[in-house]
Participant: 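Before I ask anything, let me first share the structure, which is written out below as structure tokens.
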Amino acid sequence: MIIPLINGIENVLLSVYAVETFGMQDLGVGILYSILGLGLIISPMLTRLIKTRYLLFVFLCMIGEGFILSAISQSKFFWVAALLFGITAIFSGIGNTLVDTVAMETIPSKWHGMYFGLTSMISNTFIGISMLLTGTALEWYSPRLVGFFGGMLYIFAGIIFILWAIKYSLQEEKAKLLQT
């Protein structure tokens with residue numbers, strides 16, 4: 001639930017940055033979305049290099065994405081922001097793939113459909129709520145401030161999750177799920 005709340009901020013700001021902050025209008029929106037797509041295409045090539053410690057990499061990707069979103073919020077040049085958005089997509093793609101991998105390895109296969117359906121429903125609901133709240137916040141605050149806040153939320157959540165993951169054992173959780 002936390003990641004989709006933050007992700008909604010990023011989704012709204014993409015168009016706002018292109019149109020209002022950088023004055024690139026529709027072309028800017030198209031370029032930014034294309035670069036996001038390119039980042040998501042590149043991410044599987046890097047994800048396959050990760051063999052262990054999936055959750056650690058997920059949370060490091062979150063922190064990295066937070067730093068980059070904060071940098072985007074302060075960027076003076078459209079092309080720098082575009083490049084940085086591409087890097088956030090790489091981090092996001094890696095993190096999403098690894099989270100799904102952990103879920104598939106931990107949750108018994110008979111529950112996969114229920115789990116992925118439920119998480120998709122919750123994720124999409126929270127992204128929508130976040131986008132609504134972000135649009136409302138943009139009525140009072142600058143896009144750069146909202147973007148910086150979103151980046152800081154990613155960093156904060158990533159650090160909290162890393163501290164939680166230190167105590168978490170995937171093998172123990174899988175054994176508990178199999179017993180129930």
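Residue numbers start at 1 and run along the sequence shown.
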Participant: Look at atom CZ of Phe22 and say whether more than 12 heavy atoms of other residues, nucleotides or ligands are closer to it than 6.0 Å.
Facilitator: yes

Participant: Between Arg144 (side chain only) and Tyr17 (backbone N and O only), is there a donor and an acceptor less than 3.5 Å apart?
Facilitator: no

Participant: Closest heavy-atom contact between Ala157 and Ile2?
Facilitator: CB-CG2, 4.0 Å

Participant: Can you tell me if Tyr141 has over 12 outside heavy atoms packed within less than 6.0 Å of its OH?
Facilitator: no

Participant: Would you name the heavy atoms of Gly28 and Ala18 that are closest together and state the gap between them?
Facilitator: C-CB, 3.5 Å

Participant: Please report the shortest heavy-atom distance between Met152 and Ser70, naming the atom on each side.
Facilitator: CE-OG, 3.2 Å

Participant: Report, as yes or no, whether the 6.0 Å neighbourhood of atom CZ on Phe78 holds more than 12 heavy atoms from other residues, nucleotides or ligands.
Facilitator: yes

Participant: Checking Lys51 side chain against Arg48 main chain: does a donor-acceptor pair fall under 3.5 Å?
Facilitator: yes

Participant: Check whether Leu14 and Val29 end up in the same hydrophobic cluster, where Ile, Leu, Val, Met, Phe, Trp and Tyr are linked by side-chain heavy atoms less than 4.5 Å apart.
Facilitator: yes

Participant: Going by the side chain to side chain donor-acceptor pair (under 3.5 Å) test, which pairs reach into residues 78-88, not counting sequence neighbours?
Facilitator: Glu10-Thr88

Participant: Say whether, by atom type as modelled, one donor and one acceptor occur between the side chain of Asn96 and the main chain of Ser92 under 3.5 angstrom.
Facilitator: yes

Participant: Which distance, rounded to the nearest 0.5 Å, do you find between the CD1 of Ile127 and the CG of Leu132?
Facilitator: 14.0 Å

Participant: For a 4.5 angstrom cut-off between non-hydrogen side-chain atoms, does Phe91 reach Ser43?
Facilitator: no

Participant: About how many Å separate OG1 of Thr134 and CG of Asn11, when rounded to the nearest 0.5 Å?
Facilitator: 9.0 Å

Participant: Let me see the working for Leu153 and Ile9 under side chain to side chain contact (heavy atoms under 4.5 Å, CB included), right down to the final yes or no.
Facilitator: CA-CA 10 Å; Leu153 284 176; Ile9 297 170; 4.1 Å; yes

Participant: Start with the C-alpha distance between Thr47 and Phe57, add both sets of side-chain angles, then the distance that settles side chain to side chain contact (heavy atoms under 4.5 Å, CB included), and finish with yes or no.
Facilitator: CA-CA 10 Å; Thr47 303; Phe57 280 100; over 6 Å; no

Participant: In terms of hydrophobic clustering (I, L, V, M, F, W, Y; side-chain heavy atoms under 4.5 Å; direct or indirect links), are Val19 and Met24 co-clustered?
Facilitator: yes

Participant: Could you list the residues that satisfy ring pair (Phe, Tyr, Trp, His ring centres under 6.0 Å) with Phe161, not counting sequence neighbours?
Facilitator: Phe59

Participant: Within the distance-only criterion (no hydrogens, no angle test), does the side chain of Ser123 pair as donor or acceptor with the backbone N or O of Ser120 below 3.5 angstrom?
Facilitator: no

Participant: Taking all heavy atoms of Trp164 and all of Leu55, pick out the closest pair and write down the distance.
Facilitator: CZ3-CD1, 4.4 Å

Participant: Checking Ser130 side chain against Phe126 main chain: does a donor-acceptor pair fall under 3.5 Å?
Facilitator: no

Participant: Roughly how far apart are Glu65 CD and Ile155 CD1, rounded to 0.5 Å?
Facilitator: 10.5 Å

Participant: Can Leu46 be reached from Val99 by stepping across I, L, V, M, F, W or Y side chains whose heavy atoms are under 4.5 Å apart?
Facilitator: yes

Participant: Give the minimum heavy-atom separation between Gly158 and Met62, together with the two atoms involved.
Facilitator: N-CE, 3.6 Å

Participant: Do Met45 and Leu38 share a hydrophobic cluster (ILVMFWY, side-chain heavy atoms under 4.5 Å, transitive)?
Facilitator: no

Participant: I'd like to check Leu133 versus Ile129 (side-chain heavy atoms, cut-off strictly below 4.5 Å). Are they in contact?
Facilitator: yes

Participant: Are Ser73 and Phe149 close enough that some pair of their side-chain heavy atoms sits under 4.5 Å apart?
Facilitator: no

Participant: For the CG atom of Leu40 and the CD1 atom of Ile94, what is their distance to the nearest 0.5 Å?
Facilitator: 10.5 Å

Participant: Working to the nearest 0.5 Å, report the span between OG of Ser75 and CD1 of Ile68.
Facilitator: 12.0 Å

Participant: Could you pull out the closest heavy-atom pair between Cys61 and Gly95, with the gap in Å?
Facilitator: SG-N, 4.4 Å

Participant: Taking side chain as C-beta onward, heavy atoms only, is Leu69 less than 4.5 Å from Phe85?
Facilitator: yes

Participant: Please determine whether the number of non-hydrogen atoms from other residues, nucleotides or ligands lying under 6.0 Å from atom CZ of Phe67 exceeds 12.
Facilitator: no

Participant: If hydrophobic clusters are built by linking Ile, Leu, Val, Met, Phe, Trp and Tyr wherever their side-chain heavy atoms come under 4.5 Å apart, do Met131 and Ile72 end up in the same one?
Facilitator: yes

Participant: If you measure from CD1 on Ile41 to CD1 on Ile90, what distance do you get to the nearest 0.5 Å?
Facilitator: 11.0 Å

